[in-house]
Amino acid sequence: MTEFNHWRIEREAGGLAWLTFDKAGESTNTLSAQAMLELSQALDEFDREPPKGLVIRSGKSAGFIAGADIEEFTKVESAEGAKALVQRGWDLYNRLAAVKYPTLALIRGHCMGGGTELALACRYRIAVDEPGTRIALPEVMLGIVPGWGGMLRLPQVIGAAPALDMMLTGRALDAKKAKRLGFADECVPPRVMENAARMLVLSGHPRRQLPFMQRMMNGPLKGVVASQAKKQVAARARPEHYPAPYAILDMWANYGGNALAVPAGKPTSMEAIAASLTTKNLVRVYYLQERLKGFGKDSDFAPKHLHVIGAGVMGGDIAAWAALRGLTVTLQDQSIERIAPAIHRAAIAFKRKLRDDTQVRFALDRLIPDPSGQGVRQADVVIEAIFENLEAKQKLFADIEAIAKPDAVLASNTSSLRLEDIAAGLKHPSRLIGIHFFNPVAKMPLVEVVEGRESDPQALKKGLAFVRKIDKLALPVKSVPGFLVNAVLAPYMQEAMRCVDEGIAPEVVDEAALAFGMPLGPIELADTVGLDIAVAAGQQLASGISEPPKKLMELVSAGHLGRKTGRGFYTYNQGKPQKGAVGQMPAGLADRLIKPFLAAAQRCVEQGVVADAELADAGVIFGTGFAPFRGGPMNYLKERTA
Ligand code: NAD
């Protein structure tokens, strides 16, 4: 029998075989060239002595398979190399799909990319019902396509519409949804998973058939489905910025899901994708995200109780998010009436996110209204999110310090006050750090962890660990006005508003930024943040260097504060800006808008606000949505001059 490094074959007396993927020397399974080669050798072995049934499972507690080996994939430099990599998986999984004996993938924990494609090549799939089970084809997020049979098989298994949704967005299924959509034949709890696998793989059950209409959508109606999906993609991503989703649609609709069948020269070919800078930059974004995830990982700080003071826009949502993530949270404000709206908002958000009444109940039980602030005494982390008023914050922290546990983290969510000034109210100013969330808390992945001049490094480490614990990306920054994210956004938004003062229509300004790849135009962004907040941020950051934009000041004096009042630069109808047609675009407008953004990012790196250029890119991408396919402002500057 062949000896394997990464796979294990066990045969049962009744003829059932188990093939366990347990990558040597690593905590997660990734499909490296070596692991794929061994899988093909395992199939040779089963050709020689076919089992009655084969179950493929993982030997890792972390999950099933995390996908292809990204390290290997990033080393591919030519289109030829990329095609060879695709060919390897395409052929191997076609071979697995064609074996005569029944096969089953037993999926517990993460199942991504090439792992999902392997599961799709099996006759049956069982998804184990536990919170870590997530099944996805996230290739599009790296600018590539599911080329190992995913585009061929997923639509056949779950139908074209949900399959395209998964492949075009990278969205994951949990175990229950996998069963509901027909990806999994069964969804079972962990304690019965082996038995369930044994019974199903030997059951002789025929493959599940899609209903008639669904089969039509994979057949004669493909073109219609593809053109609908293309419209949806076009609303989110432009082909010149993100070629991969367009390639997925073309490969599925016109080439049987075979990436290698698209002729070179077409913009949807493997050659075009391999040559696009987008892929390189999206992989870079993936690594940046991994780097941010690393902050706080090495700490043994395990906070269980968060106390939040101020139940407004920010405090209320920070409290809800942390409760959703499993912490016990006490939420304080001046009265119970001020806390009630935050609890109401949380209840709606929990229902939408958890979709299970018991889980919603548990999450709400963890979020405790605390008007008298009793929670401070037990809390591991205390976050202040009250009005932006220095005296009030100083007084509050003096009170907190007197009763909080001596090792609790004390943090302010302030956007514009100096941490050092707030800390002046403390006996031990070194205890104070900043934990700066962005609005809306549930949507924004980044949180800046701010080091004041006197902040204790241990407190900072704990702050980073806390942010990690609640599944946000922590970015360590120094205490300077605007930290990193607002310091780069403010001059860019000011420049945009100056363009409007010069007579360029807001629609034109926004379109220039969208064409560059920003997720939202700067004028619409200002309306969304609130024009009063934009004025305050501008004053703090420009600090008298330049006149505030005229139109902005006029709107604010008239009480038109943006989306929240129904009118700002745009008029809003049911929350949507009413935009006119985009007229003539002045030459160089996008460059003019982006220039202050890039200059501010560069300044932040030079001033050491973040430790290096890579972290500036990471912070700006996850904090502002800066065109991910450009790999961040510092990367863009480098590429532009290369
Ligand atoms: P908000 O006005 O919505 O809420 C502030 C809350 O604090 C109010 O409910 C008020 O009753 C309460 N409060 C005031 N003094 C208090 C006290 N002494 N004790 C208990 N509660 C008290 O404000 P917000 O927009 O949530 O901002 C809060 C903080 O977050 C500010 O420091 C702000 O700079 C910062 N921040 C705001 C945003 C944003 O977009 N709104 C983004 C990041 C950070």
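In what follows, residues are counted from 1 in the order of the sequence shown. Everything quoted here is computed from the prediction, not taken from an experiment. When a ligand or atom number is given, it counts from 1 through the structure's own listing order.
For the pair D370 (side chain) and G373 (backbone), a donor-acceptor distance under 3.5 Å is present. Remark: the backbone N or O of K551 is paired with a side-chain donor or acceptor of D501 at under 3.5 angstrom. With K472 contributing its side chain and M444 its backbone, the two residues share a donor-acceptor pair below 3.5 Å.
Considering backbone and side-chain atoms alike, K393 places an N or O below 3.5 Å from some N or O of ligand 1. Considering backbone and side-chain N/O atoms, D333 comes within less than 3.5 Å of an N/O atom of ligand 1.
Residue contact check: R338 has heavy atoms under 4.0 Å from atoms 10 (C), 11 (O) of ligand 1.
The closest side-chain donor-acceptor pair between T328 and R366, if any, does not fall under 3.5 angstrom. A donor atom on one side chain and an acceptor atom on the other are not found under 3.5 Å apart for S415 and E388. In summary, the side chains of S412 and E384 do present a donor paired with an acceptor at a separation below 3.5 Å, with no hydrogens or angles considered.
In terms of protein heavy-atom proximity, atom 36 (N) of ligand 1 is closest to S415 OG, 3.3 Å. Summary of contacts: the protein heavy atom closest to atom 19 (N) of ligand 1 is I309 CG2, 4.0 Å. I386 CG2, 3.9 Å is the protein heavy atom nearest to atom 17 (C) of ligand 1. Closest protein heavy atom to atom 25 (O) of ligand 1: V313 CB, 3.9 Å. Nearest non-hydrogen protein atom to atom 35 (C) of ligand 1 is N413 O, 3.3 Å. For atom 33 (C) of ligand 1, the closest non-hydrogen atom of the protein is E388 OE1, 3.7 Å. Protein heavy atom nearest atom 41 (N) of ligand 1, with residue, atom name and distance: M314 CG, 3.8 Å. If you check which protein heavy atom lies closest to atom 4 (O) of ligand 1, you get G312 CA, 3.3 Å.
Counting only heavy atoms, the protein gets under 4.0 Å from atom 9 (O) of ligand 1.
With I523 as reference, V509 is the one residue of T528, V509, I504, L552 to meet the side-chain contact (heavy atoms from CB on, under 4.5 Å) rule.
Counting heavy atoms closer than 4.0 Å to ligand 1, residue H436 contributes side-chain atoms (C-beta onward) but none from N, CA, C or O. Using a 4.0 Å cut-off between heavy atoms, F438 makes no contact with ligand 1 at all. Contact annotation: for E448 versus ligand 1, there are no heavy atoms closer than 4.0 Å.
Using the six-membered ring where Trp is involved, F629 and H241 have ring planes that are parallel, under 30° apart on the 30 and 60° scheme.
At least one cation-pi condition fails for R291 and Y286: the charged atom is not both under 6.0 angstrom from the six-membered ring centre and inside a 45 degree cone around its axis.
The closest approach between a heavy atom of A392 and any atom of ligand 1 is not below 4.0 Å.
The number of heavy-atom neighbours closer than 6.0 Å to CZ of R453, taken from other residues, nucleotides and ligands shown, is 12 or below.
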